[in-house]
Amino acid sequence: ETLARNRAADGQDRAQAVLMLQRHGDAPSAELLRALGADKDAKVRAAAVYVAGVQSHDAAKPVAVAALKDADPFVRRRAAEALVRQGLSADQASFAPVADIYKLLNDTDRFVRYAGRLALERTPRAEWKDRVLKETDPRAAIEGMYALVRTATSEADLEPLFDKQLTMLKQANLSIEHKLRLVRAFQLTAMEAPNGASSELRKQVHTLLIGQFPATDERWSRELAWTLAYCGQPETIGKILAAMPPGDTNQPLQIH
């Protein structure tokens, strides 16, 4: 504990001291975790938040909640993971502000977004569903769609997602990264819907995407081929065959 509190010591050593206390000694007290959770060294803060998640008792929960707003992405990720360990449940009121968890969906760090989404899925869906459907930032909207699909309990829960996805596919300024994740969200929604996407929706998606295939970005071409094939319109067949690489130039894409 002396080493863990010593701000003049190496941050990695201090972080290891926190972990060793939890694993081998008297577990760090809530007071120690709170103090280290506000430390100037991000490695120490991350260790404190991790241990707070392992302990998972009520006194440790505020340490993880506070770290949701940390300046360091690794600490924010640890905070979201800790909340899950501490028992967030979709059928109980969240002990962390849902708005703070939701904010992680728009984090620039993909690992933070992933951990944040897993935490959000364990809060009451009604508290954030409408926020996702009204979201205008592509990154947060798409991440939120994944959460809504994974927490849906009926086909009626998925219908608004199809509408949101169709609206976003019409946006001309989406980056390739956002397009990739958006069509994957559409694919996931269609797979989870008992009857898939309606024939009319598939026609609309086909109309929006067929002019973009094939693309110069191979990743986008692959996702387009998958999605257009699912949409099932006859003209797709010829375009996919024409886009197939000849000979041995690109056998993985040829097989795809």
Side-chain angles (χ1 to χ4, degrees), residues 1-128 131-132 137 139-140 142-144 146-147 150-151:
E1 181 172 340
T2 300
L3 174 57
R5 290 183 183 273
N6 183 4
R7 294 194 170 195
D10 178 77
Q12 188 62 42
D13 290 342
R14 296 176 64 206
Q16 287 299 317
V18 178
L19 298 177
M20 290 178 70
L21 279 171
Q22 177 64 31
R23 293 168 182 163
H24 305 297
D26 293 333
S29 66
E31 182 277 324
L32 177 58
L33 293 180
R34 284 194 299 270
L36 298 182
D39 196 85
K40 64 179 182 179
D41 193 301
K43 293 187 287 293
V44 176
R45 299 198 303 275
V49 174
Y50 173 81
V51 169
V54 172
Q55 291 187 2
S56 74
H57 52 68
D58 287 344
K61 290 178 180 177
V63 177
V65 172
L68 289 170
K69 297 181 178 181
D70 197 275
D72 186 87
F74 187 58
V75 179
R76 296 196 296 274
R77 171 185 165 188
R78 282 284 186 247
E81 294 168 347
L83 294 179
V84 173
R85 291 192 180 95
Q86 290 171 340
L88 277 181
S89 175
D91 56 5
Q92 298 177 14
S94 174
F95 55 81
V98 175
D100 290 347
I101 301 174
Y102 180 89
K103 189 176 180 180
L104 299 183
L105 298 186
N106 198 27
D107 203 283
T108 54
D109 187 295
R110 64 189 290 262
F111 298 105
V112 175
R113 296 198 299 272
Y114 179 78
R117 176 169 61 77
L118 294 186
L120 189 69
E121 291 170 5
R122 289 162 174 79
T123 65
R125 193 175 192 269
E127 293 191 31
W128 49 270
R131 188 187 294 241
V132 173
D137 186 279
R139 183 188 289 134
I142 295 167
E143 202 70 53
Y146 282 96
R150 285 167 51 85
T151 56

- request: Identify whether the distance between the nearest side-chain nitrogen and carboxylate oxygen of Asp58 and Lys61 falls below 4.0 Å.
  value: yes
query: Are any of the side-chain nitrogens in Arg77 or Glu81 under 4.0 Å away from the carboxylate oxygens of its partner?
result: yes
Point-to-point distance, once rounded to the nearest 0.5 Å, from CZ of Phe74 to CG of Asp109: 10.0 Å
message: A side-chain contact here means heavy atoms from C-beta on lying under 4.5 Å apart; do Glu143 and Leu120 qualify?
response: no
message: Does atom CZ (Phe95) have a neighbourhood of more than 12 heavy atoms from anything else shown, all under 6.0 Å?
response: yes
Side-chain touch Arg14/Val18, heavy atoms, less than 4.5 angstrom: no
field: Arg122 CZ to Thr151 OG1 distance, which is reported to the nearest 0.5 Å
entry: 11.0 Å
message: To the nearest 0.5 Å, what is the distance between OH on Tyr50 and CG on Leu19?
response: 7.0 Å
- line: CZ of Arg34 to CG of Asp39, rounded to nearest 0.5 Å, is 15.0 Å
message: Pairing donors with acceptors under 3.5 angstrom, does anything connect the side chains of Arg85 and Ser56?
response: no
Gln55 side chain to Gln22 backbone, donor-acceptor under 3.5 Å: no
field: Contacts of Arg5 that satisfy salt bridge (charged side-chain N to carboxylate O under 4.0 Å, His left out) - sequence neighbours left out
entry: Glu1, Glu31
query: Is any side-chain N of the basic residue among Asp70 and Arg45 closer than 4.0 Å to the acidic one's carboxylate O?
result: yes
message: Donor-acceptor pair, distance only, cut-off 3.5 Å: does the side chain of Arg76 make one with the backbone of Leu104?
response: no
query: Can you name the residues that form a salt bridge (charged side-chain N to carboxylate O under 4.0 Å, His left out) with Lys43, not counting sequence neighbours?
result: Asp41
query: Under 3.5 Å, is there a donor-acceptor pair between the side chain of Gln86 and the main chain of Ala52?
result: yes
query: Would you say Asp91 has more than 12 foreign heavy atoms packed within less than 6.0 Å of its CG?
result: yes
- prompt: Does any N or O in the side chain of Arg117 come within less than 3.5 Å of the main-chain N or O of Ala147, such that one atom is a donor and the other an acceptor?
  reply: no
Listed partners of Ala96 passing side-chain contact (heavy atoms from CB on, under 4.5 Å), at least two apart: Val65, Leu68, Leu83, Ser94, Ile101
- prompt: What pair of heavy atoms forms the shortest contact from Gly116 to Leu105, and how long is it?
  reply: C-CD2, 4.3 Å
